*Asks:* 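This is the structure I want to talk about, given as structure tokens.
We count ligands from 1, going down the list as the structure has it; atoms in each ligand are counted the same way. Keep in mind that what you see is a predicted model, and the values were worked out from it rather than measured.
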Amino acid sequence: MSSTATDKSTEENIGELTDGFHLVIDALKLNDVKTIYNVPGIPITDLGRYMQAEGLRVLSFRHEQHAGYAAAIAGYLTKKPGICMTVSAPGFLNGLTALAHATTNCFPMILISGSSEREIVDLQQGDYEEMDQLAIAKPLCKAAFRILHAEDIGIGIARAIRAAVSGRPGGVYLDLPAKLLGQTMDAIAGEKSLVKVIDAAPAQLPAPSAVERALNVIKGAKRPLIILGKGAAYAQADDDIRAFVEKSGIPYLPMSMAKGLLPDTHPQSAGPARSLALKEADVVIMIGARLNWLLSHGKGKTWGDKPKQFVQIDIEPKEMDSNVEIAAPVVGDIGSCVSAFLDGMGNDWSTPPSEWTEAIYAKKQSNIERMAPKLQNNNVPMDYQGALGALRIIINERPDAILVNEGANTLDFARSIIDMHKPRKRLDVGTWGVMGIGMGQAIAAAVETGCPVLAVEGDSAFGFSGMEIETICRYNLPICVVVFNNGGIYRGTDVNPTGGEDVAPTVFVKDARYDKMMEAFGGVGYYVTSPDDLKRAVNEAMDFGKPALINAVIDENAGTESGRIGNLNPQSVVAKK
Ligand code: ADP
Ligand code: MG
């Protein structure tokens, strides 16, 4: 660039300039953000380009929802906020589903969205993609911020990071109006305005009296049970949690994403004796799990009619008594709480009465033995047990692989059939039972951990994020997708009762070839019809370590309506005679 003498002297006077784009990037880098999950477009296209130029990994998706699910699960896996970046209004709304999902699941995530001109939006004068995004985001996340001035970028990003990871983690919205990105300021002042967040999620120690109360309740138990939730998996206090479970001698149940926190093959796992354990327990120790619908709200048939006392460890005080009385609330971070329990137990802790642990063990063994032959069938067409029996062996042999799982029957059967062996290896539909998390989670899991990923997908569930297999191929990720293809939602057999031309609402194209979709983008496709072939194909694909999709043909009669939660469907007394 040529400059005249006058230009030069002005430049020297005002010093070097920086702008909103670079302040955002510098602030993120200062806080160790490494990866951005985004869909480019107005006004953030250049922001993504500059981010890449400055050394951030910028992964572009085909739809914001999947970039968002990727960011959310990145937060779960790393305890740092996953960052999703979207364009204004429609892109923002697409990302918002994932932000709400992150908040519901207590995953730290920041949705950064570009937005239109404040002045025009607020006067509702019809700007390009006009929308009051901040107002819309607020009820769906833990905190929402908008930055209007370049000098506030450092503080704005610091607030977003701290809000996402401290206390109960969750989703945070950060609104960046287009004009902000182009604003300039003195580079040195800009650098000084940045904030490095110190101790973003400070330890929260439980009150000693709360720990003592809890241990007294546990000591008095005849039939104690521990329930481990995904909050416990998130906490990354794996060694202390295992030490507590083992020292206590108490049987434990893992919630879905807590599977593998202790290996599912652990002698104290009560997983295969779940119904008995919930019904009969007299003291239940909840660690990072909520008594929401997934645990029948802590009452009703599932829990039997024997009196129960609950001990609950959670970082969120408001979680206590949410559904039933909590006899011993312990508020703090799980690492600190569990280590306080360990200290308080001393050296003469007595394990629960053997009648209880033996009853659980006997029930568990009989259920395992009853299931075993079903998992070994080699039927064609495949049923869920045969197909998942094959995948179960694969995960046993590859305990480092991350399992992503969604669907209805595909989800419910896989959760109980596939044992997990290490913490945070099972990622699934979470608290809402969302269909569509699949490819976003698979991508983030591969990117954040470097581990191979096996995504086991119902054919309907896969459809929500199927286009992201192009993303998987573009970044050449070690992801093997298995589509359980039964030609429909729940089953492929429904018929249109009118005899009309349209198929039933739950039915898809017969013999769809999802494997060819993968081939279209340069990945490897397989078409398999038997458990043996499925096992061979998955092993080959995972050894190869490149994008692969296996179309696994499942008997279209095999599933049940809504998997195991069919009871949640309302029934019409008029239509269903
Ligand atoms: P699950 O569905 O596996 O039962 P939930 O998502 O319902 O798990 O519950 C997770 C719980 O864990 C939430 O109540 C959340 O507040 C809590 N939690 C998350 N992280 C921590 C942590 N580091 N320390 C303590 N509690 C946590
Ligand atoms: Mg199906």
Side-chain angles (χ1 to χ4, degrees), residues 72-73 75-82 100-109 142 162-171 199-207 210-211 214 225-241 244 252-262 264 271 274 278 284-298 302 310-324 326 329-341 405 411-412 415 420 423-434 437 565:
I73 210 70
Y76 170 73
L77 289 168
T78 62
K79 292 186 91 174
K80 292 187 185 151
H101 160 83
T103 306
T104 298
N105 283 278
C106 318
F107 299 158
M109 164 185 174
K142 206 180 149 186
R162 200 176 274 286
V165 295
S166 61
R168 170 183 275 179
D199 196 10
Q204 287 182 231
L205 305 190
V211 173
L225 174 69
I226 293 169
I227 298 184
L228 301 172
K230 61 180 170 303
Y234 171 82
Q236 298 194 16
D238 308 339
D239 292 345
D240 274 355
I241 290 172
F244 168 66
Y252 73 92
L253 274 181
M255 299 298 288
S256 192
M257 281 173 60
K259 275 167 69 76
L261 190 44
L262 280 78
D264 281 334
R274 188 176 194 272
L278 291 177
V284 180
I285 304 138
M286 314 278 302
I287 307 184
R290 286 172 289 186
L291 283 169
N292 55 19
W293 73 280
L294 286 157
L295 283 167
S296 309
H297 306 281
T302 311
F310 287 91
V311 173
Q312 183 160 23
I313 299 182
D314 205 289
I315 203 153
E316 174 57 68
K318 292 201 299 288
E319 187 57 38
M320 306 301 163
D321 307 325
S322 61
N323 286 271
V324 297
I326 302 299
V330 183
V331 175
D333 72 273
I334 286 168
S336 301
C337 294
V338 171
S339 95
F341 274 25
N405 187 204
L411 177 83
D412 290 338
R415 191 196 303 112
M420 304 309 299
R424 294 171 295 283
K425 294 295 187 185
R426 182 184 159 84
L427 309 177
D428 66 28
V429 299
T431 306
W432 270 345
V434 188
I437 46 78
I565 49 174

*Asks:* Give the residue, atom name and distance (to 0.1 Å) of the protein heavy atom nearest atom 10 (C) of ligand 1.
*Replies:*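 Nearest neighbour among protein heavy atoms for atom 10 (C) of ligand 1, to 0.1 Å: Gly288 O, 3.0 Å.
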
*Asks:* For residues Ile334 and Gly288, report the shortest heavy-atom separation together with the two atoms involved.
*Replies:* CD1-CA, 3.6 Å

*Asks:* Mark the output for Ala258 as yes if a heavy-atom distance to ligand 1 is under 4.0 Å, and as no if none is.
*Replies:*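 Checking ligand 1 against Ala258, which is what was asked, there is no heavy-atom contact under 4.0 Å.
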
*Asks:* In terms of residue, atom name and distance, what is the protein heavy atom nearest to atom 26 (N) of ligand 1?
*Replies:*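 The protein heavy atom lying closest is Ile315 N, 3.2 Å.
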
*Asks:* Is a donor on one side and an acceptor on the other found under 3.5 Å between the side chain of Arg424 and the backbone of Ala233?
*Replies:* yes

*Asks:* Give the residue and atom name of whichever protein heavy atom lies nearest to atom 2 (O) of ligand 1, and the separation in Å to one decimal.
*Replies:* Lys230 NZ, 2.9 Å

*Asks:* Give the atoms of ligand 1, by number and element, whose distance to some non-hydrogen atom of Tyr234 is under 4.0 Å.
*Replies:*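 In order of numbering, the contacting atoms are 20 (N).
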
*Asks:* For Val331, is there any backbone N or O sitting under 3.5 Å from a side-chain donor or acceptor partner on Gln312?
*Replies:*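 Side chain of Gln312 to backbone of Val331, a donor-acceptor pair under 3.5 Å: no, none is there.
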
*Asks:* Identify the closest protein heavy atom to atom 13 (C) of ligand 1: which residue and atom is it, and at what distance?
*Replies:* Asp314 OD2, 3.3 Å

*Asks:* Fit a plane to each ring of Phe107 and Tyr76, take the angle between them on a 0 to 90° scale, and name the class: parallel (under 30°), tilted (30 to 60°) or perpendicular (over 60°).
*Replies:*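 Tilted: the ring planes of Phe107 and Tyr76 meet at 30° to 60°.
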
*Asks:* Taking only heavy atoms of Asn292 into account, list the atoms of ligand 1 that are under 4.0 Å away from them.
*Replies:*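 Answer for ligand 1: 7 (O).
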
*Asks:* Identify the closest protein heavy atom to atom 19 (C) of ligand 1: which residue and atom is it, and at what distance?
*Replies:*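 In this structure, atom 19 (C) of ligand 1 has Gly231 CA, 3.7 Å as its nearest protein heavy atom.
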
*Asks:* Taking 4.0 Å as the limit for heavy-atom contacts, which would you say applies to Ala289 with ligand 1: side chain only, backbone only, both, or neither?
*Replies:*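 It is both parts that get close, each with some atom under 4.0 Å.
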
*Asks:* Give me the nearest non-hydrogen protein atom to atom 23 (N) of ligand 1 as residue plus atom name, then the distance to 0.1 Å.
*Replies:*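 Ranking protein heavy atoms by distance from atom 23 (N) of ligand 1, first comes Ala235 CB, 3.8 Å.
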
*Asks:* How far is atom 25 (C) of ligand 1 from its nearest protein heavy atom, and which residue and atom is that?
*Replies:* Ile334 CG1, 3.1 Å

*Asks:* Checking side-chain polar atoms at under 3.5 Å, does Arg415 have a donor or acceptor matched by the opposite partner on Asn405?
*Replies:* no

*Asks:* Which one holds for Leu295 and ligand 1: side chain close, backbone close, both close, or neither close, with close meaning a heavy atom under 4.0 Å?
*Replies:*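 For Leu295, no heavy atom sits under 4.0 Å from ligand 1.
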
*Asks:* Taking only residues at least two apart or on different chains, which pairs with a member in residues 330-340 satisfy salt bridge (Lys or Arg N to Asp or Glu O under 4.0 Å)?
*Replies:*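 As it turns out, there is no salt bridge (Lys or Arg N to Asp or Glu O under 4.0 Å) pair with a partner in residues 330-340 once direct neighbours are skipped.
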
*Asks:* Between Arg168 and ligand 1, is there a nitrogen or oxygen pair with a distance under 3.5 Å?
*Replies:*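 Yes, at least one N or O pair falls under 3.5 Å.
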
*Asks:* I'd like to know if Cys337 contacts ligand 1, where contact means a heavy-atom distance under 4.0 Å to any ligand atom.
*Replies:*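 Under 4.0 Å: no for Cys337.
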
*Asks:* Give me the residue, atom name and distance of the protein heavy atom closest to atom 7 (O) of ligand 1.
*Replies:* Arg290 NE, 2.7 Å

*Asks:* If every non-hydrogen atom of Arg426 is compared with every non-hydrogen atom of Leu411, which pair is closest and at what distance?
*Replies:*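 Heavy atoms only, the tightest pair is NH2-CD1, 3.7 Å.
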
*Asks:* Do Asp264 and Pro254 come within less than 4.5 Å of each other through their side chains, counting heavy atoms only?
*Replies:* yes

*Asks:* Please name all residues satisfying side-chain hydrogen bond (donor to acceptor under 3.5 Å, both in side chains) with Thr103, sequence neighbours left out, ordered by chain then number.
*Replies:* none

*Asks:* Quick one: which ligand 1 atoms are inside 4.0 Å of a heavy atom on Cys106?
*Replies:*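 In order of number, 13 (C), 15 (C).
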
*Asks:* Return yes if some donor-acceptor pair links the side-chain N/O of Arg290 with the main-chain N/O of Leu295 below 3.5 Å, else return no.
*Replies:*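 Answer holds: no.
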
